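Have a look at the structure below before the remarks.
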Amino acid sequence: MAIRINGTDVQAPSDPRVSLLDLLREELHLTGTKKGCNQGACGACTVLVDGERVVSCLALAVQYEGCEITTIEGLSKEGALHPLQEAFVEHDGFQCGYCTPGQICSAIGMAAEAKRGVPSHVTDDLSTDTIVLTHDELRERMSGNLCRCGAYNGIVAAITETFVEAGE
Amino acid sequence: MIPFTYARAANTADAVVHGSAAGAKYLGGGTNLVDLMREGIEHPAGLVDVSGLSRDITETDNGGVLIGAGVKNTALAENRLVRTRFPVLSRAIVAGASGQIRNMATVGGNILQRTRCTYFYDDTGSRCNKREPGQGCDAIDGFNRIHAILGASPSCVATHPSDMCVALAALDAVVHLEGAGGKTRRLPFTDLHLLPEGRPDVETVLEPGELITAVELPAQPMAARSTYRKVRDRSSYAFALVSVAASLEMDGATIGDVRLALGGVAHKPWRAWKAEEVLRSKAATQATFQAAAEAELADAVPLKDNGFKIELAKRTIIAVLGELSGVSA
Ligand SMILES: Cc1cc2nc3c(=O)[nH]c(=O)nc-3n(C[C@H](O)[C@H](O)[C@H](O)COP(=O)(O)OP(=O)(O)OC[C@H]3O[C@@H](n4cnc5c(N)ncnc54)[C@H](O)[C@@H]3O)c2cc1C
Ligand code: SF4
Ligand code: FES
Ligand code: FES
């Protein structure tokens, strides 16, 4: 069984020690996904697995055979940026850009979770299936992605424009 | 990381066969185990991937819920039955880790995650009885702000870091296990984890190779009125300093029944049996809540840096009982 990465089948590494992050960066040269802490704490390595956001540094690649991985490189369609990528540019959602691929993949997964009704720590009513992505909900749901440049205002603005105001 | 083998278990029987081999360990989402392997603290010879097994959440005949050990933390928190009948469990899960980690973490792995004691993690620089039995404990006289105030021993003062487990302790959860030869057994969740005593390296009553297959929540009608409160150094994405899980049943102005558990205070998720005893059938007043909190923390022993946890635990208990009963100061 292969791992499907951005639409291309890739053989799982024979050494089970290889993390999904190292497979992406070191073997496939998909260096958009970043290594910050390598301990699950910063979110820079976030990718989507079957549409769900995960930290690829704590993921053993062999465990993801049969899964479909989307990285930052897989988001643009026919050369056109994903709307969230456009919004990050528009709203200055970054300074150095190191956390950005993780922020963007995380936000896409986060928006799908909210749409499905997954509650967060700041959701008052647990019986609701309709999550309104307020500023507090967004910050809480994105707390697994740190930005050392402190570009949070731009990040929140970009996510809000793409997933809240656009009504996605 | 030292080399190891990897195998995906086809079913629980297959898992137990492989998991009983010398040096084998089960692998859930890997969010704790992979980290510890990289740090050189865990060094299994083989990983048996059980994350694909038992991913169902089913309603039981009597109104409870059976949760497969492979269920992801997010899937459990978002489950409608859990959200409405056992809100304390959803709240505890979403109070922990990050969205990404909750998508990876399994129920089995969350239960068996290991302490975040910084000396336990410091393989090269610190002494730790949990890592190396008999070596000594650098936390006891070290920087121990995050450490235990209840049930600790001269060998180890570490805490169990899970939020989810605090809710499971309050919900009278039952753990389903499968061991060598297909032998199954059920265990009250509160009997699963051990206090450190002289052997902090032995953290649960699980036998070698024993697999958690599921966690059962018996019906607990009062859990519809339940909640989880976590106090931490930042408002999100930090481990608990102190946390409280509680279910409450009111009978007019009197406390009919109650379940209470504490996190961040002990080597295991701490069921507050003493406080519950004080509360049952008493008038729901601030004085009652205070007496219950005092009773539970009466045996608390502060270390150099964590004395604040005693008062914090009391206040958090009182606040949560106030919130659930509608009786506030
Ligand atoms: C940055 C960060 C922040 C975090 N913050 C929090 C927090 O605030 N609150 C909190 O509660 N947690 C927190 N966590 C911990 C997280 O919840 C755990 O890492 C996670 O729940 C472990 O689940 P897993 O499936 O990934 O376990 P794994 O890492 O796969 O396994 C953990 C242990 O369980 C064993 N195991 C797994 N499944 C079974 C089974 N079915 N039967 C028997 N043994 C089994 C494994 O052998 C291993 O020993 C945090 C983690 C990180 C990395
Ligand atoms: S408190 Fe426990 S885990 Fe921490 S250093 Fe001491 S023995 Fe090790
Ligand atoms: S590199 Fe994976 S979370 Fe930091
Ligand atoms: S833009 Fe520099 S870390 Fe976020």
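Every chain is numbered from 1 and lettered A, B, ... according to where its sequence line falls, protein lines coming before strand lines. Just so it is clear, the structure is predicted and the values come from calculations on it, not from any experiment.
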Using heavy atoms and a sub-4.5 Å threshold, report which of residues 74-93 of chain B line up against chain A, by residue number. B:Thr74, B:Ala77, B:Glu78, B:Arg80, B:Arg83, B:Thr84, B:Pro87, B:Ser90, B:Arg91
Heavy-atom donor-acceptor pair, A:Glu68 side chain to A:Ile5 backbone, under 3.5 Å: no
Between B:Arg131 (side chain only) and B:Ser126 (backbone N and O only), is there a donor and an acceptor less than 3.5 Å apart? yes
Quick check on B:Leu47 against chain A: is it the side chain, the backbone, both or neither that has a heavy atom closer than 4.5 Å? side chain
Looking at A:Tyr98, is A:Arg148 sitting on its ring face, NZ or CZ under 6.0 Å from the six-membered ring centre and within 45 degrees of the normal? no
Quick check for you: among B:Arg234, B:Lys230, B:Arg232, which has the greatest number of heavy-atom pairs under 4.5 Å with chain A? B:Arg232
Residue pairs passing the salt bridge (Lys or Arg N to Asp or Glu O under 4.0 Å) test where at least one lies in residues 28-44 of chain A, sequence neighbours excluded: A:Asp22-A:Lys35
A:Asp125 and A:Ser127 side chains, donor-acceptor separation under 3.5 Å: yes
Under 4.5 Å from a heavy atom of chain A, the part of B:Arg38 involved: side chain
Would you sort out whether B:Ser236 and A:Glu140 count as a side chain to side chain donor-acceptor pair (under 3.5 Å), showing the intermediate values? CA-CA 7 Å; B:Ser236 188; A:Glu140 165 59 27; 2.8 Å; yes
Against chain B, label A:Asp15 side chain, backbone, both or neither, depending on which of its atoms sit under 4.5 Å from a heavy atom there. neither
Looking at A:Pro101 and A:Gly97, what are the two nearest heavy atoms and their distance? CD-O, 3.5 Å
Using heavy atoms and a sub-4.5 Å threshold, report which of residues 101-112 of chain B line up against chain A, by residue number. B:Ile101, B:Asn103, B:Met104
Check: A:Thr31 main-chain N/O paired with A:Arg25 side-chain donor or acceptor under 3.5 Å: yes
State whether a side-chain donor-acceptor pair under 3.5 Å links B:Gln220 with B:Ser247. yes
Can a donor-acceptor pair be found, under 3.5 Å and without considering hydrogens, that links the side chain of B:Thr159 to the backbone of B:Pro161? no
Spatial distance of atom CG (A:Asp136) from atom NE2 (A:His121) [nearest 0.5 Å]: 10.5 Å
Parallel, tilted or perpendicular: ring planes of A:His82 versus A:Phe163, cut at 30 and 60 degrees: tilted
Please flag which part of B:Asp35 lies under 4.5 Å from any non-hydrogen atom of chain A: side chain, backbone, both or neither. both
How long is the gap from CZ on B:Arg55 to CD1 on B:Ile67, to the nearest 0.5 Å? 15.0 Å
Examine the side chains of A:Glu165 and A:Thr160 and answer whether a donor and an acceptor come within less than 3.5 Å of each other. no
Is a side-chain donor-acceptor pair under 3.5 Å present for A:Thr71 with A:Asn6? yes
Carefully, step by step, assess B:Asp49 and B:Lys25 under the rule salt bridge (Lys or Arg N to Asp or Glu O under 4.0 Å). CA-CA 9 Å; B:Asp49 186 349; B:Lys25 272 199 101 66; over 6 Å; no
So which part of B:Ser235 gets closer than 4.5 Å to some heavy atom of chain A, the side chain, the backbone, both or neither? backbone
Hey, which residues of residues 46-67 of chain A are touching chain B, say heavy atoms under 4.5 Å apart? A:Thr46, A:Glu52, A:Arg53, A:Val54, A:Val55, A:Cys57, A:Leu58, A:Ala59, A:Leu60, A:Val62, A:Gln63, A:Tyr64, A:Glu65
Output the option from A:Arg139, A:Arg141, A:Arg17 having the highest count of non-hydrogen pairs under 4.5 Å with chain B. A:Arg17
